[in-house]
Amino acid sequence: MSQTAESGTLSNAEIADRLSSVAQMLTIEKANPYKIRAYRRAAALVRGLGESVDELVRNNDDLRVYAGIGEAISKAIREIVETGTLTSLEKLRSTATPELVELSAHPRLDPVRVLRVYKKLGISRIDHLRSALESGKIEHTFGPRMAQHVRHGLTEIESILLYHAHQLCDTIGTFLLNRTGADHAEPVGDYRRRVEIITRLDFLVQTRNFSAVVETMKTYGGRLRLIDSTATTATYSLPSGPLLCLERATKKDWGYALIRATGSDAHLRKLSRVTGSIWDGAAKSFRREEDFYKHFEMQFIPPELREGLDEVARSRRGTLPQLIAEQDIRGDLHTHTIASDGADSVEEMARTARELGYEYIGITDHSPSLKIANGQSVENLRVQIRKIDKLNLRLSGFRVLKSAEVDILADGTLDLPDDVLRELDYTVCSIHSRFAMNREQQTQRILRAMDNRYFTILGHATGRLLLKRPGYELDFERIIRHAKSLNCFFELNSSPDRLDLSAENARLAHAADIDIAISTDSHSTGEFRTIRYGLEQARRAGLQKRDVLNCRPLDALLKLLKQRR
DNA sequence: GCCGTTTTCGGCCCGACTGTTTTCAGTCG
């Protein structure tokens with residue numbers, strides 16, 4: 001990592017790297033963990049800013065307006081910008097071993113974990129770490145999470161989650177329009193199709209002077225590294241992880257360019273069988289996407305469906321689904337309150353849901369065995385049930401449903417006795433423990449849980465945490481068959497770190513004609529809006545209003561939820 | 001180190017379980 005910037009301006013990434021290095025070194029010193037976290041947070045913040053921190057410092061702007069930067073860190077950033085070095089970091093480095101100094105070039109690696117690997121495998125260098133990763137030795141010795149950590153730490157291009165890409169796209173889009181002189185800019189590619197993990201952000205840009213846009217874009221975030229450019233394209237490496245690709249398109253062929261740049265490759269292959277090669281210049285005069293589809297007598301294909309499945313054929317037949325939209329949602333069936341690990345009361349959650357225009361909300365606090373989430377005792381659940389009954393007497397035109405997020409225990413039994421389950425309107429049953437069970441055991445565990453007549457909805461079916469944890473192994477098709485035969489439902493958990501069911505699994509469940517609940521798993525009133533992320537994936541799965549439990553009016557919903565009783 | 005509608009100190013989520021790194025770190029929401 002170079003200590004001085006060639007251009008004299010430090011990029012946000014370079015400043016962030018130094019803050020991350022401080023955090024790494026402090027980790028080794030076993031310093032106050034909150035101090036370490038503060039440096040990490042500040043580094044992530046700086047890395048993600050569109051404005052140049054170098055410029056802010058030179059303009060004497062107060063960096064403390066940013067949450068997470070206070071007295072000490074703003075001083076440190078000032079020192080980095082003004083001198084190119086940071087005394088406290090140099091001091092920490094001077095006492096560090098050569099392995100650690102080498103590690104600090106990879107700020108995303110956790111030195112404590114890497115040192116454990118070094119010790120166990122008898123290595124001491126990054127290139128050895130890399131080969132241990134590639135040979136599978138790390139996964140074999142330390143498991144998948146460690147392997148994932150090392151892989152992330154060593155990879156230059158980092159993937160980001162879709163909801164982070166939303167923020168990033170806003171910042172970049174604004175920069176393109178306000179600073180670079182672009183006339184029009186629109187995000188395309190994986191992002192437009194709402195793929196849940198993004199490694200590349202693509203923008204289509206309309207401008208008279210593309211080279212000026214490419215040049216000005218280099219000043220994004222202080223300084224942005226241009227990897228490659230042609231007369232009509234430019235690729236940069238974003239400090240916050242993914243690649244940024246700009247592509248020029250003219251007003252005249254904007255619609256055509258949108259289709260091509262949105263992809264996916266598989267979709268375009270199928271599309272070109274209908275339209276002829278869409279790579280040759282001949283067809284290039286569609287201003288809007290709608291014009292293109294009209295010309296070929298096709299239905300407009302929403303970007304979320306462009307994955308090369310059956311969407312082209314259905315578009316030609318005019319049988320594309322009318323995808324679900326935000327206004328179709330009538331309630332939320334997975335929410336937590338202060339009774340377990342939520343931040344707000346039943347009343348507050350209900351009031352907010354009502355203000356959002358919902359007709360009902362299901363309260364699903366955790367069951368007793370999930371201690372860390374303050375799982376509610378049977379007695380307290382009964383108190384809550386009575387409280388909700390009373391509350392419902394006062395409400396008109398809105399209903400609070402009595403439920404619980406019931407743990408599926410290791411043996412497949414449910415974490416609450418039948419006599420209390422009976423009092424609930426429905427249940428969300430989820431796995432929160434023993435992720436390491438094998439595929440057969442895990443599948444059996446869920447099948448058995450479903451056999452309980454009070455099992456209603458399977459919560460976050462695979463337990464995955466995007467970019468963090470792969471989720472447990474399951475024979476999902478078998479679970480689908482079992483669910484169908486017993487009238488159980490699935491949840492599409494909208495939490496942006498989960499998105500579980502995945503669009504692919506939601507498609508499978510839908511193909512088996514199983515209704516899905518799109519739920520937020522809200523732990524506070526502010527989280528209801530995350531329904532947006534679940535809806536995006538539901539649209540990718542081709543779901544319509546009629547396929548989704550919480551699009552149904554209350555009476556119809558209750559009838560479905562109680563059909564097993 | 002940061003933060004503040006309990007603001008200049010004291011909290012920043014935490015507590016039980018798991019499993020092999022064998023004695024405590026990692027993990028679950």
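First the proteins, then the strands, lettered A, B, ... as listed; each starts at 1.
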Roughly how many Å is it from OH in A/Tyr66 to P in B/dC3, rounded to a whole number?
-> 13 Å
Atom CZ of A/Arg41 and atom P of B/dG1: how far apart are they, to the nearest Å?
-> 13 Å
Answer with yes or no whether the side chains of A/Glu491 and A/Asn493 bring together a donor and an acceptor at under 3.5 Å.
-> yes
Looking at B/dG1, B/dC3, B/dG26, which one has an atom nearest to any side-chain atom of A/Ala67?
-> B/dC3
Round to the nearest Å and state the distance from A/Arg64 atom CZ to B/dT7 atom C1'.
-> 15 Å
Atom-to-atom span, CG of A/Asn493 to P of B/dC28 - whole angstrom | 15 Å
Separation of A/Arg330 CZ from A/Arg552 CZ (nearest 0.5 Å) | 10.0 Å
Is there a donor-acceptor contact under 3.5 Å linking the side chains of A/Ser369 and A/Asp415?
-> yes
Assign A/Ile69 to base, sugar-phosphate, or nothing according to its heavy-atom contacts below 4.0 angstrom with the strands shown.
-> sugar-phosphate
With a 4.5 Å heavy-atom cut-off, do A/Leu560 and A/Phe489 have their side chains touching?
-> yes
Would you indicate what A/Asn32 reaches in the nucleic acid, counting non-hydrogen atoms under 4.0 angstrom: base, sugar-phosphate, or nothing?
-> base
Looking only at atom P, what distance separates B/dC12 and B/dT5, rounded to whole Å?
-> 15 Å
Roughly how far apart, to the nearest Å, are B/dC13 and B/dG29 at atom C1'?
-> 10 Å
Whole-angstrom distance between B/dT8 and B/dG1, as gauged at atom C1' | 15 Å
Could you tell me the separation between the CG atom of A/Leu370 and the C1' atom of B/dT27, rounded to a whole number of Å?
-> 12 Å
Opposite nucleotide pairing with B/dT8, Watson-Crick or G-U, both atom distances under 3.5 Å = none
B/dG29 phosphate, OP1 or OP2: any side-chain N/O from A/Arg498 under 4.0 angstrom?
-> yes
When rounded to the nearest Å, what value does the distance between P atoms of B/dT23 and B/dC28 take?
-> 24 Å
Would you call the rings of A/Phe528 and A/Tyr358 parallel, tilted or perpendicular if under 30° counts as parallel and over 60° as perpendicular?
-> perpendicular
Among B/dG26, B/dC28, B/dC2, the nucleotide that comes nearest once only the side chain of A/Arg469 is considered | B/dC28
Will you find, in the side chains of A/Asp54 and A/Ser52, an N or O donor that is under 3.5 Å from an N or O acceptor?
-> no
Side chain A/Arg448, main chain A/Asp411, donor-acceptor under 3.5 Å | yes
Does A/Arg529 come within less than 4.0 Å of A/Glu326, counting only side-chain N to carboxylate O?
-> no
Return no unless some side-chain N or O of A/Arg37 is found under 4.0 Å from OP1 or OP2 of B/dC13.
-> yes
Are A/Arg194 and A/Tyr191 in a cation-pi contact, defined as NZ or CZ under 6.0 Å from the six-membered ring centre and within 45° of the axis?
-> yes
Pairwise C1' distance for B/dT27 and B/dT21, with rounding to whole Å | 15 Å
For the side chain of A/Leu465, counting heavy atoms from C-beta on, which of B/dG1, B/dC12, B/dG29 is nearest?
-> B/dG29
Figure out the CD/C1' separation between A/Glu71 and B/dG1, and round it to whole Å.
-> 11 Å
Name the nucleic acid region contacted by A/His366, choosing base, sugar-phosphate or nothing; use a 4.0 angstrom heavy-atom cut-off, strictly under.
-> sugar-phosphate
For atom C1', what is the distance between B/dT7 and B/dC2, given to the nearest Å?
-> 13 Å
Whole Å only: how far is the CD atom of A/Glu29 from the P atom of B/dG1?
-> 13 Å
Report, one pair per line, the protein and nucleotides 14-25 of chain B atoms (nitrogen or oxygen only) whose separation is under 3.5 Å.
from, atom 1, to, atom 2, distance (Å)
B/dT21, N3, A/Arg116, NH2, 3.3
B/dT21, O4, A/Arg116, NH2, 3.1

Check every strand shown and say whether A/Glu405 touches a base, only sugar-phosphate, or nothing at a heavy-atom separation below 4.0 Å.
-> nothing
Nearest-Å distance for atom pair NZ/P, residues A/Lys35 and B/dC2 | 10 Å
